[in-house]
Amino acid sequence: MNKNRIAYILLLFFVLVAKSLVAQKTTEKEEQPYTTRILLIYDCSNSMNGKWQSDSKITISKRLLTSILDSLKDVPNLELALRVYGHQKEIKPFIDCNDTKLEVPFGQNNVLQITRKIKTLVPRGGTPIAASLEKAADDFPPCNRCRNVIILITDGIEECGGDACAASEYLQKKGIALKPFIIGIGKDFRESFNCVGRYFDASQETEFTKAFNVVISEAMNSTTAQVNLFDANNQPTETNVNMTFYDHEVGIVRYNYVHTMNARGIPDTITLDPLITYDIEVQSVPPVRLDSVVVFAGKHNIIAMDAPQGQLKLVMGGSRATMARSIPCIVRKHGCMETVNVQNLNFIEKYLVGTYDLEVLCMPRVKIDSVQINQSAITTVELPMSGIAVIQKSVDGVGSLYVEEHNRLRLVYNMNEKDKSETLNLQPGRYRVVLRSKYSNRASSTLEKSFNIEPGMTTAVYL
């Protein structure tokens, strides 16, 4: 074996090894779990100096919050950050509505840094909640595999005229963060925060830790689900169709899953974020939708939807089968004008079980009403094989083609003035072509000729 061949084999070996390592790293990267990033927005406004059962609100909340955070030090795939408002400027002579600051940015193993910062905070200013939510948009560094959660801890409502609801909606629509959690201290502010996020009442000391633990549990726990797509016999047999999961609150797409059956023949398990209420759309033809679906954290959720399907096959046989593939057919639900689908001839497509009206865009158009699609069956609609008309014109002129039906003419095609010869694929039937020379200014010079089209046959028409 010569040296060049040995070098080539070694080079090929190293290339294959490198590709294997890259593929392994890619697989490992894909299998990495999502990181949950929780931004704490902590109220340090002047009102936190107020009494709350056994002590001041600031003293109690600091103690409880630092204790809870300490328990999160060793939680994997969790990052924390701290934003504080109302702690930099005194409330008098006026409220500083920009008094909000990211005190501790996101990072690993920063719980001690956050708890130390919390212990130093002194309540001074007002309550710029909307501004804090708006600034929070910049607190989350770019990340492809992160779930961003906001927990707002407050003892009051917006004091700066901002729109906290709009700020929350912006964060959700832009995909920056999920719907925030709000823990209300000392008083129930639920009505003021319903549009901002999910509210937890901690009007009593004992409820603060309980509310915070529930929030952390829901933010961290993975949630599984399976979607059962039922056929006409109420069996979950339908599959191989995409399911789009929209965020019910803001309307954006959160997930796409192509439905499949697992090795045991039951709908496969998918992962969903429990912090979101979903509108689910099964992308069947036509689509099936289920709104306001709530999934429960830490549980396997079963979601049931009716999506019985059958198939439609449109056929134009014979030697012109290949040509027929380019002929579209408009499919509508029976009695409705809205287009459900456009299907080409000589193809098979799935539809929900039901009755449909068809309009085949051949020449002339063919309408077929009340076509029934049945469960797991193929409904075949066959059109006659078309024929060909070769229309030869002795002069350039204004002309049109009609189909003769019950002693009436129905327009099929307006002819090209500049073409002396036109070749048209037509359904079997009787036709009439009408033509007047573009150089003639007399209507009486109009020419016309009737002819028949037979399936698979070519007919020459001379004018």
Side-chain angles (χ1 to χ4, degrees), residues 34-44 48 57 61 64-69 71-72 75 77-85 100 102 104 106 111 114 118 127 129-130 132-137 139-140 146-158 164-223 247-250 254 272-278 294-298:
Y34 275 81
T35 296
T36 298
R37 301 192 295 188
I38 299 178
L39 173 66
L40 300 172
I41 301 181
Y42 187 46
D43 184 346
C44 199
M48 289 288 283
K57 287 179 276 189
S61 63
L64 297 176
L65 185 55
T66 54
S67 175
I68 294 169
L69 291 175
S71 69
L72 300 176
V75 175
N77 306 310
L78 173 65
E79 291 186 7
L80 300 170
L82 174 67
R83 172 174 285 277
V84 184
Y85 65 79
T100 177
L102 179 65
V104 182
F106 282 106
V111 169
I114 292 174
I118 289 174
T127 311
I129 293 176
S132 297
L133 289 171
E134 290 167 2
K135 296 285 180 63
D139 295 346
F140 295 94
C146 289
R147 307 168 62 244
N148 297 334
V149 179
I150 293 175
I151 302 177
L152 170 63
I153 302 167
T154 182
D155 79 327
I157 60 176
E158 174 69 39
C165 298
S168 173
E169 184 177 1
Y170 172 83
L171 292 171
Q172 295 175 69
K173 279 188 174 180
K174 292 296 182 180
I176 296 169
L178 301 173
K179 189 173 183 178
F181 292 100
I182 302 99
I183 299 177
I185 295 175
K187 184 180 178 181
D188 191 345
F189 302 101
R190 189 180 309 274
E191 290 186 6
S192 299
F193 287 102
N194 275 338
C195 60
V196 179
R198 186 174 175 189
Y199 186 86
F200 290 81
D201 177 29
S203 52
Q204 306 294 320
E205 282 183 43
T206 55
E207 294 171 345
F208 183 89
T209 301
K210 180 180 177 181
F212 206 98
N213 286 334
V214 170
V215 169
I216 293 296
S217 175
E218 293 196 7
M220 295 300 298
N221 283 340
S222 61
T223 297
D247 189 317
H248 176 75
E249 299 293 335
V250 293
R254 291 294 185 182
L272 297 175
D273 197 316
L275 305 185
I276 301 172
T277 299
Y278 297 97
V294 176
V295 294
F296 298 96

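Keep in mind that the numbers below use all heavy atoms, side chains included, and drop hydrogens, waters and symmetry copies.
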* Salt-bridge criterion met for R83 and D139 (N-O under 4.0 Å) -> yes
* To do: Measure the spacing between CE of M48 and OG1 of T127 and express it to the nearest 0.5 Å.
  => 9.5 Å
* To do: Rounded to the nearest 0.5 Å, what's the gap from CD on E169 to NZ on K179? Could you check?
  => 10.5 Å
* Structure fact -> CZ (R190) and CZ (F200) are apart, to the nearest 0.5 Å, by 9.0 Å
* Would you indicate whether the side-chain heavy atoms of P180 and Q172 approach each other to under 4.5 Å? => yes
* **Min side-chain heavy-atom separation V214-I216 under 4.5 Å** => no
* Asked: Is any side-chain heavy atom of I41 closer than 4.5 Å to a side-chain heavy atom of S132?
  -> yes
* To the nearest 0.5 Å, what is the distance between CD1 (I118) and OG1 (T66)? -> 7.0 Å
* Under 3.5 Å donor-acceptor, S61 side chain and K57 backbone -> yes
* Structure fact -> dist E205:CD -> I185:CD1 (nearest 0.5 Å) comes out at 10.5 Å
* Could you tell me whether the side chain of E158 and the main chain of A130 form a donor-acceptor pair under 3.5 Å? => yes
* **Worked check of side chain to side chain contact (heavy atoms under 4.5 Å, CB included) between L152 and F181** => CA-CA 6 Å; L152 170 63; F181 292 100; over 6 Å; no
* Could E218 and R198 be called an ion pair, given the rule that one side-chain N must be under 4.0 Å from one carboxylate O? -> yes
* Residue pair D43 / I153, side-chain heavy-atom distance below 4.5 Å -> no
* To do: Take L39 and F140 through the side chain to side chain contact (heavy atoms under 4.5 Å, CB included) test and state the conclusion after the steps.
  => CA-CA 8 Å; L39 173 66; F140 295 94; 3.7 Å; yes
* To do: Report the relative orientation of the aromatic rings in Y199 and F193; use parallel for angles under 30°, tilted for 30 to 60°, perpendicular for over 60°.
  => parallel
* List the steps and the verdict of side chain to side chain contact (heavy atoms under 4.5 Å, CB included) for V250 and D247. => CA-CA 6 Å; V250 293; D247 189 317; 3.6 Å; yes
* To do: Please tell me if the side chains of Y278 and V295 come closer than 4.5 Å, counting only heavy atoms from C-beta onward.
  => yes
* To do: Would you give the length of the straight line joining atom CG of L275 to atom CG of N148, rounded to the nearest 0.5 angstrom?
  => 11.5 Å
* Side-chain contact, heavy-atom cut-off 4.5 Å: C146 with R37? -> yes
* **Close side-chain approach of L178 and R147, heavy atoms under 4.5 Å** => yes
* Asked: When I38 is tested against each of I150, V149, L72 for side-chain contact (heavy atoms from CB on, under 4.5 Å), which residue passes?
  -> V149
* Just checking, any donor-acceptor pair under 3.5 angstrom between side chains of Y42 and T154? -> no
* Asked: What's the verdict on side chain to side chain contact (heavy atoms under 4.5 Å, CB included) for Y170 and L133, showing C-alpha distance, side-chain angles and the deciding distance?
  -> CA-CA 9 Å; Y170 172 83; L133 289 171; over 6 Å; no
* **Note, N213 side chain near I68 side chain (heavy atom, < 4.5 Å)** => yes
* Structure fact -> Residues I129 and G156: closest non-hydrogen pair is CD1-O, 3.6 Å
* Asked: Does K187 offer a backbone N or O that forms a donor-acceptor pair with the side chain of S203 under 3.5 Å?
  -> no
